[in-house]
Amino acid sequence: MTFIRDIALMALLLGCACVSKAQLPADSAIGKLTSWMSGLKNKSIHALEKQYDRMEARVTRQTEHYLKKLEKEENKLKKKLQRTDSAKAAMLAQGSHGFYGQLRQKLGQPDSKITQLGSYIPALDSMQTVSKYLSQTGTKLGNLSPERLDALNGLNSSLGKLQGQMQNVMNIKAMLRQRKEQLKQQLENVLGKPLQNFNKQVYYYQAQMEEYKRMMSDPDKMAEKLLSVLRNTPAFQDFMSKNSILARLFPMPGGYGDPSLALNGLQTRTSVQEQLARQLSSAGSGNPQQYLQQQIQQAQGELNQLKDKINKAGGQSSSDLEMPDFKPNKQKTKTFWKRIEYGLNIQSQKTNSLLPVTSDLALTAGYKLNDKATVGVGAGYKMGWGKNINNIRVTGEGVSLRSYLDIKYKGSIWITGGYELNYQQSFTKIEQLKNLDAWQRSGLVGLTKKYRIGKKKGNLQLLWDFLSYSQRPQTQPLKFRIGYMF
């Protein structure tokens with residue numbers, strides 16, 4: 001990801017700047033990288049700050065979007081409840097207004113104190129600690145201008161705001177789970193099972209936030225390699241162990257806060273082992289260590305089964321994501337551009353008395369409505385090859401415009417339908433294409449076989465053009481296309 005790579009490059013620059021050049025060999029990797037990135041300007045830091053701001057705005061906007069949907073679902077429940085119990089309906093309406101008002105207020109005030117490990121994002125913590133480290137020591141460095149320090153402070157502020165908003169997300173998710181249980185207890189006996197749509201919106205909100213977390217915390221191999229250089233810087237390691245968010249969550253001696261709090265009241269490993277041995281021996285388990293190992297293996301097997309069920313249900317493996325009671329649409333939480341599937345396909349048509357041998361080269365772009373349906377458009381160019389092998393001549397024979405719909409049938413077989421317009425003659429000016437009477441219409445229906453070889457994806461299509469019989473000149477009714485997806 002370009003975004004994560006920029007983070008890694010920035011982190012390396014900031015970390016390397018804190019190391020005296022006299023301490024670095026002239027030919028060291030850190031020295032070369034520091035020299036290479038010495039031309040990085042303040043605008044690069046501001047650009048990175050804007051990326052974090054956009055991510056924070058996206059998290060906030062999506063949370064507000066789902067809160068509106070959930071409140072709308074509760075209003076529907078209130079209307080149903082009014083028919084049977086108006087007093088309960090009024091109570092539900094009052095509680096709903098106060099509950100969602102509280103969540104919106106919380107969303108507008110990012111939490112600066114990270115208290116839950118589920119909201120912790122290592123990439124954000126590392127970058128925030130780097131910017132804080134250099135901001136605090138920057139006045140001692142001669143190669144950092146006041147403008148650079150201001151840029152770093154702005155970056156640190158954006159990182160803190162984003163991390164705080166992710167903490168808010170964790171709190172909101174927990175409150176929504178409590179609200180769901182509360183509504184279930186209040187309404188199930190009155191309205192039967194009214195929370196299906198409500199539960200769907202809660203699930204998709206959780207899945208959307210998990211998608212954002214993956215976007216922020218999944219660096220590629222190059223970023224991981226660059227960050228590993230920074231982690232090996234002793235000065236930064238010491239600062240990270242005392243000032244990072246992780247140090248606050250798990251304080252260690254000499255770290256963040258009072259070091260005496262870190263180990264106060266904790267049992268030693270030996271005392272824990274002795275206590276376990278006594279308990280297991282009294283239960284008649286024979287060898288305590290072997291018995292404990294068997295129990296752990298059994299628990300691990302059951303946990304893996306649960307993970308498999310979650311993956312089959314929704315493709316998610318986060319512990320924060322509840323098991324849905326419906327078949328989720330995995331495309332729903334993806335951004336618009338990630339739901340676009342680009343393709344290239346080719347088909348050839350043999351010669352007849354009016355048309356030469358032609359090959360249609362087409363580019364397509366399909367939007368995934370869900371996991372089993374894709375709708376798309378495309379455009380093609382018709383290339384002529386001449387009448388026969390003794391008369392090969394490359395010519396332009398027209399263009400085509402396409403639309404299609406793919407619906408999954410079974411396994412890798414999809415049912416395909418489409419409507420196309422074909423301009424079956426050479427042209428020299430764009431104005432010639434405006435003559436709609438010159439375009440032939442094709443209606444297609446058939447089967448598509450999608451396959452994957454390693455990371456490469458492709459398809460084979462066999463389509464029937466049921467409008468070909470009325471075309472003049474008439475084209476082949478059966479079309480075979482070979483496609484490549486990218």
Does [X] reach the main-chain N or O of [Y] with its side chain, forming a donor-acceptor pair under 3.5 Å?
{"X": "R339", "Y": "Q331", "value": "yes"}
{"X": "D53", "Y": "S158", "value": "no"}
{"X": "N459", "Y": "K449", "value": "no"}
{"X": "S412", "Y": "Y451", "value": "no"}

Please name the pair of heavy atoms, one in [X] and one in [Y], separated by the smallest distance, quoted to 0.1 Å.
{"X": "V59", "Y": "Q165", "answer": "CG1-CG, 4.2 Å"}
{"X": "A365", "Y": "I340", "answer": "CB-CG2, 4.4 Å"}
{"X": "E341", "Y": "T374", "answer": "OE1-CG2, 4.4 Å"}
{"X": "D371", "Y": "P328", "answer": "OD2-O, 4.1 Å"}
{"X": "K457", "Y": "Y484", "answer": "O-CD1, 3.4 Å"}
{"X": "D465", "Y": "S442", "answer": "OD2-OG, 3.0 Å"}

Flag for [Y]-[X]: side-chain donor and acceptor within less than 3.5 Å:
{"X": "T63", "Y": "Y205", "answer": "yes"}
{"X": "N75", "Y": "E71", "answer": "no"}
{"X": "T60", "Y": "E64", "answer": "no"}
{"X": "Q196", "Y": "N199", "answer": "no"}

Measuring from [X]:[atom1] to [Y]:[atom2], what's the distance to the nearest 0.5 Å?
{"X": "M166", "Y": "I121", "atom1": "CE", "atom2": "CD1", "result": "4.5 Å"}
{"X": "N370", "Y": "K332", "atom1": "CG", "atom2": "NZ", "result": "10.5 Å"}
{"X": "M216", "Y": "Y52", "atom1": "CE", "atom2": "OH", "result": "10.0 Å"}
{"X": "L421", "Y": "R402", "atom1": "CG", "atom2": "CZ", "result": "11.5 Å"}
{"X": "T416", "Y": "L447", "atom1": "OG1", "atom2": "CG", "result": "7.5 Å"}
{"X": "R54", "Y": "L162", "atom1": "CZ", "atom2": "CG", "result": "12.5 Å"}

All ring-ring contact (aromatic ring centres under 6.0 Å, His included) counterparts of F466, not counting sequence neighbours: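 Counting only residues at least two positions away or on another chain, F466 forms a ring-ring contact (aromatic ring centres under 6.0 Å, His included) with W464.
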If we check side chain to side chain contact (heavy atoms under 4.5 Å, CB included) with N345, which of these qualifies: T364, L363, L460?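 Running side chain to side chain contact (heavy atoms under 4.5 Å, CB included) over T364, L363, L460 with N345 returns exactly one hit, T364.
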Going through the checks in order, is the side-chain contact (heavy atoms from CB on, under 4.5 Å) test met by L103 and L176? CA-CA 9 Å; L103 293 186; L176 287 175; 4.0 Å; yes
Is [Y] close to [X] at the side-chain level, that is, under 4.5 Å between some pair of heavy atoms?
{"X": "Q206", "Y": "R177", "value": "yes"}
{"X": "M209", "Y": "Q62", "value": "yes"}
{"X": "R58", "Y": "M215", "value": "yes"}
{"X": "L444", "Y": "R481", "value": "yes"}

Should the heavy atoms of other residues, nucleotides or ligands under 6.0 Å from CD of E181 be counted, would the total exceed 12?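 Above 12, so yes.
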What verdict does the salt bridge (charged side-chain N to carboxylate O under 4.0 Å, His left out) test give for E210 and K173, after you've listed the backbone C-alpha separation in whole Å, the side-chain angles of each residue and the deciding distance to 0.1 Å? CA-CA 11 Å; E210 290 298 318; K173 286 163 63 175; 3.3 Å; yes
Full working for side-chain contact (heavy atoms from CB on, under 4.5 Å) between K69 and Y204: CA-CA 11 Å; K69 283 191 170 184; Y204 281 127; over 6 Å; no
Verdict with reasoning, R179 to L70, per side-chain contact (heavy atoms from CB on, under 4.5 Å): CA-CA 11 Å; R179 182 65 176 174; L70 290 169; over 6 Å; no
Given K450 and D406, is the side-chain contact (heavy atoms from CB on, under 4.5 Å) satisfied, shown in steps? CA-CA 11 Å; K450 296 188 178 183; D406 287 344; 3.9 Å; yes
